[in-house]
*Asks:* 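The structure is given below, and queries will be raised subsequently.
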Amino acid sequence: MSGLSPDARRLLDAARVADRTTRADRTRVRAALQTRLALSAAAAAAPASASLLVKAVAGAALLVAVTVAVPAARTPPDPPRRAQPAALARRVSPSPAPTAPSIAPVAPAPSIAPVVFASTPAPYRPAPPRVVARFLRPSAIASPTAAPMITAPAPAPVESTPSAPGEPDGLAAELSQLGDAQIALDQRRGDRALRLLDAYTAGHPQGALWEESAALRVLALCALGRPSEAREAAATLLREAPRSPVAARVRTSCVGATIPTRIVEPPVIP
Amino acid sequence: MTVVTRRGAPFSFLAEEPAAASATVPPFDAVYEDHFDFVWRCLRRMGVPEPGVDDAVQDVFVVVHRRLAAFDGVSLRGWLFGVALNVAREHRRRAQRRGHHEELREALEDPSADPHEALARSEALRLLDRLLDALTEDRRAVFILIEYEGMSAPEVAAALGVNVNTVSSRLRAARRDFEGALSRHRSRSR
């Protein structure tokens, strides 16, 4: 039963009739989406990682490599695999690495349609945007004869890469901010990481990457030796998003033993 | 050329496998084909300006591509609406930052727009959007999903993560607000 007046009902009916997309709309958006996801797939297929957002922000042709300093205890080395979020982290060289990771050129973007729309339904392994936008600059281009990756000794001041037209600059901004927090964390500057995460939360209260932010917060609190707060943050995250891709990582943090592995799952609100 | 990168970190805490998809997770292609219209409509009715809706739809499906494995198999439309709701918020904020003038200019300069067709097509939609603007986001979401999209209250409750009673109360309030806005509009038009 509607409960609406006939006038309101007529308006809704008229609007619904008019509210139709065209084939051109579908085709246009599909093409743009394919491009974005193809860039993501190409980046994920590279030995070093780059995200679709990063790629799109800085330009489709850029080749990128990112070194990650991941404590061995946190992320044991594992052979790289294609298009898997975990591989983005495992692909990097834990310290000390038996062999330095080398940079190969990112493969040209695969033909678009198979990359995007022939995706395997299950198990579904989407390639998430996990790399910080500002890593991708013209200077961060790999050539076919690329030398082993050079790791800059100290991060430059935080800055953001302007978004390219059509890029979801909100997501790029989120990604950049969380990347800054990750860097701070890797530098063992948990206090700075927390400040950055606070700023992220204030700026993006409904951020698309809130799960990642929450997971970073847990890790930062662990790094600062504040396990009770870390447990609280972890519990919140796992309660809200028990099947989040970051949940497993949180469970292996300092709070792991205290967090139940199965939590009653609320309705999914991405 | 030598590769030079900063010491940085893609989100290295993602060192674990993502949750495996359930058997009920549809392929991405099917999700796109079957729900493109729904996503588009929801974004527009949740206040994403016309010039930005292409980008917003892309944003939704980028997130869907990334998180489809986490879909619980209960209500795909509800899940998609949850994604669209977050994306719509961000795009509304962005539009506000850019200012309505720029949005309007872009709309007017849209070379693909047929003025006559656009006018006929958009009159009802424009009024609808104006009336929807009188609703809070919570009420607006419920109103759109139930009154416009024809979803059931339990489905909406699952989509929004609230109970059915909350959905009912929001719907009542939304109807009241919508009718009030419509009535005011009619009064001004006379």
Side-chain angles (χ1 to χ4, degrees), chain A residues 3-5 8 14-15 18-19 21 26 29 32-33 37 49 65-70 75 85-86 88-89 103 117 119 121-124 126 128 130-131 135 139-143 146-147 149-152 155 166 168 170 182-183 186 206 208 212 215 219 243 245 248-249 266-270, chain B residues 1-21 23 25-29 32 36-37 40-41 54-55 57-59 61-63 65-72 79 82-83 86 89-90 94 121-122 124-125 127-128 147-148 158 160-161 175 178-179 182:
Chain A
L4 285 173
S5 67
D19 196 4
T21 60
R26 186 179 293 253
V29 174
L33 181 63
L37 294 179
S49 55
V66 178
T67 52
V68 183
V70 183
T75 55
L88 296 182
I103 297 305
F117 291 98
S119 300
Y124 197 76
R130 298 298 187 204
V131 187
F135 290 138
S139 61
I141 298 174
S143 75
M149 191 182 319
I150 297 173
T151 301
Q182 172 74 51
I183 289 171
D186 286 348
Q206 303 290 335
E212 286 83 352
L219 299 180
R243 298 201 304 180
R249 175 63 191 105
V268 171
I269 303 296
Chain B
M1 186 181 296
T2 300
V3 176
V4 179
T5 68
R6 290 172 46 178
R7 177 182 182 277
F11 298 140
S12 54
F13 56 85
L14 285 169
E16 304 295 335
E17 294 291 334
V25 174
F28 178 78
D29 191 16
Y32 180 87
F36 176 86
D37 283 353
W40 180 291
R41 283 196 308 269
D54 270 24
D55 288 345
V57 173
Q58 287 180 50
D59 290 352
F61 281 106
V62 166
V63 174
H65 187 267
R66 185 160 65 93
R67 297 191 174 174
L68 189 58
F71 168 57
D72 64 1
W79 186 76
V83 177
N86 284 328
R89 284 190 193 115
E90 177 59 29
R94 196 186 310 173
R121 178 178 171 179
S122 64
L125 286 171
L127 175 56
L128 173 61
E147 296 291 3
Y148 198 64
L160 301 178
R175 285 170 174 164
F178 188 84
E179 295 282 11
L182 179 58

*Asks:* In terms of heavy-atom proximity below 4.5 Å to chain A, should B:R89 be classed as side chain, backbone, both, or neither?
*Replies:* side chain
*Asks:* Check whether any side-chain heavy atom of B:D37 sits under 4.5 Å from a side-chain heavy atom of A:R26, and report yes or no.
*Replies:*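 The answer is yes, as the side chains (C-beta and beyond) meet within the 4.5 Å cut-off.
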*Asks:* Mind checking side-chain contact (heavy atoms from CB on, under 4.5 Å) for A:A8 and listing every partner two or more places apart, or none if nothing turns up?
*Replies:*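 Residues passing side-chain contact (heavy atoms from CB on, under 4.5 Å) with A:A8: A:L4, A:S5, B:F178, B:E179, B:L182.
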*Asks:* Do A:V29 and B:F61 touch side chain to side chain, with heavy atoms closer than 4.5 Å?
*Replies:*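 With C-beta onward as the side chain, the pair stays apart.
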*Asks:* Looking at every heavy atom in both B:L125 and A:A15, which two are closest together, and how far apart are they?
*Replies:* CD2-O, 3.4 Å
*Asks:* Kindly compute the distance separating CG (A:L33) from CG (B:D59), expressed to the nearest 0.5 Å.
*Replies:*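 So the CG of A:L33 and the CG of B:D59 are separated by 9.5 Å.
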